[in-house]
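In this chain, residues are counted from 1 in sequence order. Here the structure is a predicted model, which means the values were calculated and not measured.
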Amino acid sequence: IEVLLPVTIRQKRFDVKRDTFESAFGDSRTLWLDRGLVYRLRLDPSTHGNAFMIGLDAEDSKKRYDKGIRRNGAGAGDIILNFNNSSPSDLFYFCPDQKGIGGSIRVTNPDDLNKPNQRLDLLLTFNFGRPTRTYQILVRETLSTPSGPRFFERPKWLGETPPIVGLE
């Protein structure tokens, strides 16, 4: 299970899908990510040629942060994030070749109440059959509540996908 975050470029900035309620918590470009959840940032064609990098300091590729990140600095395809308890709480996303295109990242614990409650798109990926094939289902607009998840949209069958490395 992964949280799917589409990434595009709008008005010369990275635009990462977030919930609209987030603006009450400061900068609207801040990404709020939970430790222990796997996030898949899906870069669309508008991002090609603009490396999406995560680091300890804004705009400084020498302070790139790679723990729990696959394909950090990619300009196309998917970037996988999986932060744990040793991950810093404050990170930044940026393009090393363009100033002002990114924003900040807040990594929080799942039970932390001092953050926006975001509706998330969940991507369910599984293997089935002989020979084994990989399939995906997208569950849009899922909200985590104390009484369990709430679903606002119908799941969408994405069908067969190329095999994903690490999925057994």
Side-chain angles (χ1 to χ4, degrees), residues 1-10 13-22 28-54 64-87 91 93-95 101-103 105-112 115-168:
I1 298 175
E2 300 169 324
V3 175
L4 181 63
L5 299 175
V7 180
T8 190
I9 291 189
R10 286 197 183 105
R13 292 185 170 177
F14 284 121
D15 186 18
V16 183
K17 185 222 181 255
R18 292 178 300 283
D19 199 334
T20 56
F21 297 116
E22 184 178 343
S28 64
R29 291 188 299 152
T30 299
L31 298 179
W32 292 81
L33 306 178
D34 281 349
R35 299 176 200 281
L37 271 180
V38 179
Y39 293 86
R40 179 175 293 269
L41 279 70
R42 179 152 291 158
L43 306 177
D44 78 3
S46 72
T47 65
H48 293 194
N50 294 289
F52 188 99
M53 188 173 285
I54 295 174
R64 173 180 164 149
Y65 184 80
D66 286 324
K67 283 186 177 178
I69 303 173
R70 281 195 297 183
R71 302 194 68 245
N72 193 10
D78 294 352
I79 298 171
I80 310 297
L81 310 175
N82 188 3
F83 297 117
N84 61 28
N85 290 332
S86 66
S87 301
L91 293 167
Y93 64 98
F94 58 94
C95 176
I101 194 170
I105 298 173
R106 294 280 302 144
V107 181
T108 60
N109 294 324
D111 58 352
D112 184 355
K115 64 180 177 184
N117 195 353
Q118 301 178 87
R119 289 176 291 186
L120 306 171
D121 289 348
L122 298 180
L123 185 63
L124 309 175
T125 306
F126 60 95
N127 287 338
F128 182 76
R130 297 228 188 268
T132 301
R133 293 198 171 129
T134 304
Y135 301 93
Q136 290 183 328
I137 299 171
L138 180 62
V139 183
R140 292 190 176 153
E141 303 294 323
T142 303
L143 181 66
S144 180
T145 70
S147 60
R150 299 284 183 234
F151 304 101
F152 295 96
E153 298 287 333
R154 231 179 208 181
K156 180 178 180 182
W157 173 254
L158 299 179
E160 189 173 352
T161 65
I164 296 176
V165 177
L167 184 64
E168 304 293 331

Give, for atom OH of Y39 and atom CD1 of I105, the distance between the pair rounded to the nearest 0.5 Å.
10.5 Å
Gap separating the NE2 atom of H48 from the CG atom of L43, nearest 0.5 angstrom:
7.0 Å
Is a side-chain donor or acceptor of R64 paired with a backbone partner of N72 at a separation under 3.5 angstrom?
yes
Chi angles and distances behind the side-chain hydrogen bond (donor to acceptor under 3.5 Å, both in side chains) call for D44, T8:
CA-CA 6 Å; D44 78 3; T8 190; 2.7 Å; yes
In Å, rounded to the nearest 0.5 Å, how long is the span from CG of L81 to CG of L31?
8.5 Å
Any donor-acceptor pair under 3.5 Å from R13 side chain to I101 backbone:
no
About how many Å separate CG of D15 and CD1 of I9, when rounded to the nearest 0.5 Å?
10.0 Å
CZ on F94 to CD1 on I54, rounded to 0.5 Å
9.0 Å
So, do I80 and E2 sit near enough that their side-chain heavy atoms are less than 4.5 Å apart?
yes
Does any pair with a residue in residues 71-85 pass salt bridge (charged side-chain N to carboxylate O under 4.0 Å, His left out), and if so which ones, sequence neighbours excluded?
R40-D78, R42-D78
Test log, rule side-chain contact (heavy atoms from CB on, under 4.5 Å), inputs L33 and L5
CA-CA 11 Å; L33 306 178; L5 299 175; 4.1 Å; yes
Here's a test for you: under side-chain hydrogen bond (donor to acceptor under 3.5 Å, both in side chains), which of N109, N84, N82 qualifies with R35?
N109
For this output row, return yes or no: ring centroids of F52 and F14 closer than 6.0 angstrom.
yes
Distance in Å, F83 CZ paired with I69 CD1, rounded so as to fall on 0.5 Å steps:
4.0 Å
